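Along the sequence shown, residues carry numbers from 1. Atom set for the values below is all heavy atoms of this structure, side chains included, hydrogens, waters and symmetry mates excluded. Since this is a predicted model, take the numbers as computed values, not measurements.
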Amino acid sequence: MEEHELIYDWNARGLPTPAIRIVDLDDETLRDGLQSASASDPSDEDKIELVHLMVELGILSADIGLPGANARAFASARAIALEIAGHHLPIKANCAARTVPRDIAPIVDVSQAAGIPIEASLFIGSSPIRRLVEKWDVDVMVKRVEESVTFAVERNLPVMFVTEDTTRADPDVLRTLY
């Protein structure tokens, strides 16, 4: 592949000026914020304290983890969801998951345990680099997205679809995926 086929350069294209609108914040501290090589995984008590601080700041929603990653991640997401439900905190929870049902099923379990809706933030890499590494073509990606969104919706989870590596993705691929 040629370099220009692996990286879509958004800067080489003119982008429209966005309209001014209200912005809601979704705090990623408890998920993406823990992905640094030097970050440590805080205790559930510390994570719960962070959720209370998010509420004080007026944050409307928070990613409370990727419960499909391992037992510890599941237990943390469950503890945080139970805290949100038990204290009627005015913050919406969401959990990350790859676009595979085995990642989504633990979100269903956490949501049911806490008795609150938890949005499934389903993600898939979208750049040509990621497609090359994973050996995906766009049809395979579309199938994964359709299957995972259907799986989540059939289990009454609200869904947020997310593309990773989006700044290097071709807009036509993004349109197809969305």
Side-chain angles (χ1 to χ4, degrees), residues 21-36 39-126 130 134 136 140-167 169 174 176-178:
R21 56 186 156 196
I22 296 173
V23 175
D24 292 336
L25 298 178
D26 177 53
D27 194 299
E28 293 277 333
T29 303
L30 300 175
R31 158 72 179 125
D32 287 339
L34 298 178
Q35 292 189 21
S36 166
S40 61
D41 189 12
S43 68
D44 290 349
E45 293 77 21
D46 287 344
K47 290 177 183 180
I48 287 168
E49 182 180 352
L50 286 170
V51 170
H52 283 275
L53 293 170
M54 291 174 199
V55 169
E56 287 181 32
L57 288 171
I59 303 294
L60 298 178
S61 63
D63 185 332
I64 62 171
L66 197 159
N70 54 51
R72 165 87 173 104
F74 177 84
S76 271
R78 187 177 185 277
I80 295 165
L82 288 168
E83 179 76 10
I84 291 169
H87 289 88
H88 308 288
L89 297 178
I91 191 166
K92 294 179 183 175
N94 59 72
C95 288
R98 295 172 300 163
T99 50
V100 291
R102 72 178 174 272
D103 270 16
I104 302 165
I107 301 172
V108 174
D109 295 341
V110 169
S111 177
Q112 289 175 347
I116 60 172
I118 297 180
E119 186 172 47
S121 300
L122 307 180
F123 61 86
I124 192 166
S126 59
R130 185 67 182 270
E134 299 288 352
W136 292 336
V140 167
M141 295 170 68
V142 167
K143 183 178 180 190
R144 286 185 62 174
V145 170
E146 288 174 347
E147 288 176 350
S148 63
V149 170
T150 299
F151 183 88
V153 169
E154 286 177 348
R155 285 151 183 84
N156 298 314
L157 292 178
V159 174
M160 173 190 346
F161 175 63
V162 179
T163 53
E164 290 184 311
D165 206 15
T166 308
T167 60
L174 296 173
T176 300
L177 291 174
Y178 279 92

Asker: Do Arg155 and Phe151 have side chains that get closer than 4.5 Å, going by heavy atoms?
Answerer: yes
Asker: Without hydrogens or angle criteria, can the side chains of Ser61 and Asp26 be said to hold a donor-acceptor pair below 3.5 Å?
Answerer: yes
Asker: Would you say that Leu66 contacts Cys95 through its side chain, given a criterion of any heavy-atom pair below 4.5 Å between the two side chains?
Answerer: no
Asker: Got a sec, which residues hit salt bridge (charged side-chain N to carboxylate O under 4.0 Å, His left out) with Glu164, two or more places apart in sequence or on another chain?
Answerer: Arg130
Asker: Would you say Ser148 and Val100 make side-chain contact, with heavy atoms under 4.5 Å?
Answerer: no
Asker: Distance check, rounded to the nearest 0.5 Å: Leu53 atom CG versus Ile48 atom CD1?
Answerer: 12.5 Å
Asker: Decide yes or no for Val145 and Phe161: does some side-chain heavy atom of the first lie under 4.5 Å from some side-chain heavy atom of the second?
Answerer: yes
Asker: Between CG of Asn156 and CD of Gln112, what distance do you get to the nearest 0.5 Å?
Answerer: 8.5 Å
Asker: Drop me the distance from Leu50's CG to Leu57's CG, to the nearest 0.5 angstrom.
Answerer: 10.5 Å
Asker: Calculate, to the nearest 0.5 Å, the distance between atoms CD1 and CG belonging to Ile104 and Asp109 respectively.
Answerer: 12.5 Å
Asker: How close do Ala152 and Ala120 get, counting heavy atoms only, and between which atoms?
Answerer: CB-CB, 4.5 Å
Asker: For the side chain of Thr166 and the backbone of Thr163, is there at least one donor-acceptor N/O pair under 3.5 Å apart?
Answerer: yes
Asker: In the structure I gave you, are the side-chain heavy atoms of Glu119 and Leu157 within less than 4.5 Å of one another anywhere?
Answerer: no
Asker: Just checking, Arg78 and Phe74: is the charged tip under 6.0 Å from the six-membered ring centre and within 45° of the axis?
Answerer: no
Asker: Apply side chain to side chain contact (heavy atoms under 4.5 Å, CB included) to Met54 and Thr29, showing your working.
Answerer: CA-CA 10 Å; Met54 291 174 199; Thr29 303; 4.2 Å; yes
Asker: Keeping Asp103 on the side-chain end and Arg98 on the backbone end, is there a donor-acceptor pair under 3.5 Å?
Answerer: yes
Asker: Is there a donor-acceptor pair closer than 3.5 Å between any side-chain N or O of Ser76 and the backbone N or O of Ala73?
Answerer: no
Asker: How far does CD1 of Ile124 sit from CH2 of Trp136, to the nearest 0.5 angstrom?
Answerer: 4.5 Å
Asker: Please round to the nearest 0.5 Å and tell me the distance separating atom CG of Leu82 and atom CD1 of Ile116.
Answerer: 8.0 Å
Asker: Check each of Asp27, Asp41, Asp63 against Lys47 using the salt bridge (charged side-chain N to carboxylate O under 4.0 Å, His left out) test, and report the only one that passes.
Answerer: Asp41
Asker: With a 4.5 Å limit on heavy-atom distance, are the side chains of Ile118 and Val108 in contact?
Answerer: no
Asker: State plainly whether the residues Asp44 and Arg72 are in salt-bridge range, i.e. N to O under 4.0 Å.
Answerer: yes
Asker: Report yes if some heavy atom in the side chain of Val162 is under 4.5 Å from a heavy atom in the side chain of Leu122; otherwise report no.
Answerer: no
Asker: Side chains of His87 and Glu83: do they bring a donor and an acceptor to under 3.5 Å?
Answerer: yes
Asker: Would you say Ser111's side chain and Ile107's backbone share a donor-acceptor pair under 3.5 angstrom?
Answerer: no
